[in-house]
Peer 1: 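Following this message is one structure expressed as structure tokens.
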Amino acid sequence: MLLFLSVGQSGLGKSTLVNTLFKSKVSRKSCSPSFEEGISKTVNLQSVSHVIEEKGVKMKLTVIDTPGFGDQINNLNCLRPLDLEFMKRLGKVVSVVPVIAKSDTLTLDERQRFKERIRQDLWTNGIKVYPQKEYDEDTEDRILNDKIREKIPFAVVGTDKEHQVNGKNVLGRKTKWGVIEVENVAHCEFANLRDLLIRSHLQDLKDVTHNIHYETYRVRRLNESNL
Ligand code: GDP
Ligand code: MG
């Protein structure tokens, strides 16, 4: 079992993104989502489970959607000191995958500059994000993961709707100037995020959680109880 926790300020697009993840291509094979009623403002912790099948391996995936982190402190929109402190702590106990939500609201230039700023902030604040360099096992791993690290944070777009594009139903957001296709890598990086989370790195995420994060936690608790 793998647990995804979706955190961030309310209104950011978390619930929509969680829905998109379950409606996107990989998970269409899985059990039907129980989230169909549409999205209302998340007021409690909500947990949705799916059994997904990748390469013949079945795995229970549970996503916990949170109401919003740091809502009480409302000034700038992104990476406020509280977020940085929170992410720093989070990065020590779980795998953190930062994303830029609603990236359809940014121009390409803005997206690029925002990415660079976030990367800089992560680095200067010593925030560990997944996949961590120190856990690359060999050169092959490193080459693959470097490609992912170059893209982090993924600039994603979420939706709860499908639209017809060239006769096909696609997940997208319809605007006056066309449909932003959520799963089209030319439009945004949602597909990269989905592939990382539930395709290429699903097993690794599980291993890192078990062998590193849980083990570190266990040893720390044991030491505390022996004081
Ligand atoms: P949450 O509070 O973080 O769970 O945010 P929601 O998922 O409820 O989304 C808040 C609002 O943002 C809703 O009106 C969504 O339709 C909208 N929204 C969600 N994802 C996107 C996105 O990728 N792009 C745009 N433009 N709007 C989005
Ligand atoms: Mg929500």
Side-chain angles (χ1 to χ4, degrees), residues 3-28 33-50 61-80 82-87 90 94 96-115 117-118 129 151-165 169-198:
L3 199 81
F4 290 161
L5 182 72
S6 162
V7 289
Q9 213 181 341
S10 79
L12 209 62
K14 295 179 301 297
S15 301
T16 310
L17 190 65
V18 166
N19 267 16
T20 315
L21 206 56
F22 282 142
K23 283 189 175 172
S24 74
K25 272 181 193 131
V26 177
S27 47
R28 272 187 202 149
S34 54
F35 235 138
E36 291 294 347
E37 324 81 53
I39 311 154
S40 52
K41 192 167 184 244
T42 319
V43 284
N44 299 309
L45 284 183
Q46 262 188 6
S47 135
V48 197
S49 288
H50 285 250
L61 192 72
T62 300
V63 177
I64 298 187
D65 186 16
T66 64
F69 174 78
D71 280 354
Q72 61 280 19
I73 294 168
N74 239 331
N75 36 42
L76 281 168
N77 230 347
C78 50
L79 280 175
R80 293 151 301 163
L82 185 66
D83 293 339
L84 290 171
E85 179 55 34
F86 177 64
M87 283 178 76
L90 206 60
V94 293
V96 173
V97 181
V99 302
I100 298 177
K102 298 190 190 177
S103 67
D104 54 314
T105 60
L106 300 172
T107 67
L108 284 179
D109 272 355
E110 288 165 345
R111 190 204 271 197
Q112 198 48 39
R113 266 182 285 142
F114 194 24
K115 265 195 186 208
R117 202 187 113 197
I118 292 171
V129 298
K151 283 208 163 66
I152 277 176
F154 295 114
V156 299
V157 175
T159 186
D160 56 347
K161 297 216 164 55
E162 291 195 352
H163 295 282
Q164 283 245 327
V165 176
N169 271 344
V170 298
L171 286 167
R173 299 186 74 86
K174 195 170 179 182
T175 70
K176 280 258 191 192
W177 54 93
V179 175
I180 303 154
E181 298 167 44
V182 163
E183 294 179 90
N184 184 339
V185 286
H187 292 197
C188 76
E189 293 166 340
F190 171 80
N192 302 89
L193 174 70
R194 177 209 56 204
D195 286 354
L196 176 82
L197 294 181
I198 46 192

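Counting starts at 1 for both ligands and their atoms, in listed order. All values below were derived from every heavy atom in this structure, side-chain atoms included, with hydrogens, water molecules and symmetry-related copies excluded. Keep in mind the model is a prediction, meaning the values are calculated, not measured.
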Peer 1: Would you say Arg173 and ligand 1 have an N/O pair spaced under 3.5 Å apart?
Peer 2: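 Right, the criterion is met.
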
Peer 1: So that I can check it, does any N, O or S atom in Ser15 come closer than 2.8 Å to the Mg ion (ligand 2)?
Peer 2: yes

Peer 1: Check each atom of ligand 1 against the heavy atoms of Lys14 and keep those under 4.0 Å away; list them by number with element.
Peer 2: 1 (P), 2 (O), 3 (O), 4 (O), 5 (O), 7 (O)

Peer 1: Less than 4.0 Å is my threshold; does some heavy atom of Ser10 fall inside it relative to ligand 1?
Peer 2: yes

Peer 1: Looking only at distances, can you tell me whether any N or O atom of Gly13, backbone or side chain, sits closer than 3.5 Å to an N or O atom of ligand 1?
Peer 2: yes

Peer 1: Specify the closest pair of heavy atoms between Phe4 and Ile198, including all atoms of both residues, with the distance to one decimal.
Peer 2: CE1-CG2, 4.2 Å

Peer 1: Check ligand 1 against Gly158 and write out every atom of the ligand that is under 4.0 Å from a heavy-atom position of the residue.
Peer 2: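 So the atoms of ligand 1 that pass are 20 (N), 21 (C), 22 (C), 23 (O).
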
Peer 1: Taking all heavy atoms of Glu181 and all of His187, pick out the closest pair and write down the distance.
Peer 2: N-ND1, 2.9 Å

Peer 1: Please identify which of these residues, Val7, Leu5, Val129, meets the side chain to side chain contact (heavy atoms under 4.5 Å, CB included) condition with Val96.
Peer 2: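 Going through the options one by one, the only one that passes is Val129.
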
Peer 1: Who gets closest to atom 10 (C) of ligand 1 by heavy atom: Gly11, Ser6, Ser103?
Peer 2: Gly11

Peer 1: Less than 4.5 Å apart, side chain to side chain, heavy atoms only: is that true for Phe154 and Leu196?
Peer 2: yes

Peer 1: Do Arg194 and Glu183 meet the salt-bridge criterion of a basic N to acidic O distance under 4.0 Å?
Peer 2: yes

Peer 1: Judging by distance only, is a nitrogen or oxygen of Asp104 under 3.5 angstrom from one on ligand 1?
Peer 2: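 The answer is yes, given that Asp104 and ligand 1 share an N or O pair closer than 3.5 Å.
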
Peer 1: Taking Lys102 for the side chain and Gly11 for the main chain, is one N or O donor matched with an acceptor at less than 3.5 Å?
Peer 2: yes

Peer 1: Under 4.0 Å from a heavy atom of Val157: give me the atoms of ligand 1 that qualify, with their elements.
Peer 2: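 Atoms satisfying the 4.0 Å criterion: 23 (O).
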
Peer 1: State, with a plain yes or no, whether a side-chain heavy atom of Val99 is found less than 4.5 Å away from one of Leu17.
Peer 2: yes

